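In this text, all values refer to a predicted model and were calculated from it rather than measured experimentally. Atoms within a ligand are numbered from 1 in the order they appear, just like the ligands themselves.
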Amino acid sequence: MPLERSTIEALARHLDSCVKEVRDTEKLTDQHPEMSWEEAYAIQEAWRALALAEGARLVGFKAGLTSVAKMKQMGVETPVFGYLLDRFAIAEGGEAAAASLIHPRIEPEIAFVMKKRLAGPGVTLAQVLAATDFVIPAIEVIDSRYRDFRFDLKSVIADNTSAARFVLGGRARPVEALDLRTLGVVLSINGEARAFGAGAAVLGHPAAAVAELANHLARRGEALEAGQVVLSGGITEALAVAAGDHVLLEVAELGTVGFRFS
Ligand code: OOG
Ligand code: MG
């Protein structure tokens with residue numbers, strides 16, 4: 001039986017309260033095993049509407065589960081897409097309060113900033129590159145609202161793909177000058193290099209994830225807009241972090257970005 005609109009909105013409010021009260025919950029499909037893909041994205045969108053009504057600003061979108069390392073770690077096989085709000089942003093070199101998060105993990109990513117509107121369907125990798133203003137190193141902090149970070153795809157879609165915080169920094173560079181496939185990344189915690197990879201880990205080329213995102217948005221009547229930020233997905237598995245940790249991402253040719261968990 002399809003979920004009622006009131007149930008979709010109640011589930012969005014439930015996830016929102018988990019964020020605000022910093023507590024976990026059982027995954028939504030435990031109570032709603034018949035949830036469809038459409039309903040999962042409808043919950044995510046109802047949650048976004050709730051945030052925008054509170055005055056939050058949409059600053060972009062994210063792709064997730066776009067690398068084999070991430071798919072293996074989470075036991076799923078398809079990319080998922082979520083949104084980014086201004087309130088998720090941490091200043092480069094700044095701090096994130098560990099007490100405001102349930103069980104945070106960090107991911108090394110390449111962020112794209114759009115110079116032109118990019119609307120699907122049928123967006124290609126080359127169109128993504130042509131519509132990109134610059135790329136810049138990004139650390140995403142994911143924080144599943146689900147107990148023990150365990151979920152299925154529909155539950156994680158409803159949960160805005162675990163989006164919690166992100167930081168951009170280092171050197172912003174136009175894509176023409178770079179081969180994003182061979183860009184090496186090193187993610188360190190407290191000075192110890194803990195995860196390594198290269199851009200090609202993300203669907204063969206990080207811009208492929210942006211193309212998939214644009215085509216996904218088109219199916220929902222949306223597009224990427226000029227100035228929006230896109231996180232293309234974790235290049236390595238995600239690493240757990242705790243209060244006091246200092247995290248640093250180094251990306252070949254793009255410098256470093258970091259912050260501290262206080
Ligand atoms: C889902 C979000 C994954 C990525 O970059 O792969 C993600 C999760 O693993 O909790 O953001
Ligand atoms: Mg991510």
_If you consider just the N/O/S atoms, which atom of E140 is the closest one to the Mg ion (ligand 2)?_
OE1

*Would you say K62 has any N or O atom under 3.5 Å from an N or O of ligand 1, going by distance alone?*
yes

*Quick one: do E222 and R48 make a salt bridge, cutoff under 4.0 Å?*
yes

_Hydrophobic clusters here meaning ILVMFWY residues chained together by side-chain heavy-atom distances under 4.5 Å, can you tell me if I142 and L248 are in one?_
no

*asked:* Taking E26 first and then R150, would you say they form a salt bridge - that is, a charged N and a carboxylate O separated by under 4.0 Å?
replied: no

*Taking atom 10 (O) of ligand 1 as the reference point, the nearest protein heavy atom with its distance*: S162 OG, 2.6 Å

*Could you tell me whether E109 and ligand 1 have an N or O pair separated by under 3.5 Å?*
yes

*Can an N or O of S144 be found at a distance shorter than 3.5 Å from an N or O of ligand 1?*
no

*Once you round to the nearest 0.5 Å, how far does CG of L28 lie from NE2 of H14?*
6.5 Å

*Minimum-distance protein heavy atom relative to atom 6 (O) of ligand 1*: L65 N, 2.7 Å

*Would E54 and K20 pass as an ion pair if we require N to O under 4.0 Å?*
yes

_Atom indices of ligand 1 within 4.0 angstrom of F151 heavy atoms, with elements_ = 8 (C), 9 (O), 10 (O)

_For atom 7 (C) of ligand 1, tell me which residue out of M71, E107, R105, R145 has the closest non-hydrogen atom._
E107

*Going by the side chain to side chain contact (heavy atoms under 4.5 Å, CB included) test, name the single residue among L224, L231, V210 that passes it with F61.*
L224

*Which ligand 1 atoms does G234 reach within 4.0 Å, using its non-hydrogen atoms?*
4 (C), 5 (O), 6 (O)

*Would you say ligand 1 has an N or O under 3.5 Å from any N or O of V156?*
no

*Measuring from the heavy atoms of Q73, does anything fall under 4.0 Å of ligand 1?*
no

*For residues 233-262, pull every pair meeting ring-ring contact (aromatic ring centres under 6.0 Å, His included), keeping only residues two or more places apart or in separate chains.*
F259-F261

*Closest non-hydrogen protein atom to atom 9 (O) of ligand 1, residue and atom name please, with distance?*
K70 NZ, 2.8 Å

*Which residue pairs satisfy the ring-ring contact (aromatic ring centres under 6.0 Å, His included) criterion with at least one member in residues 70-91, sequence neighbours excluded?*
F81-H216

*Which atom, among the N/O/S set of E107, is closest to the Mg ion (ligand 2)?*
OE1

*Should the pair D16-R13 be classified as a salt bridge under the 4.0 Å nitrogen-to-oxygen rule?*
no

*Passing candidate, side chain to side chain contact (heavy atoms under 4.5 Å, CB included) with D179, options L183, T182, V175*: T182

*asked:* Among all the protein's non-hydrogen atoms, which is closest to atom 2 (C) of ligand 1, and how far away is it?
replied: T161 O, 3.2 Å

_Closest E109 atom to the Mg ion (ligand 2) [N, O or S only]_ = OE2

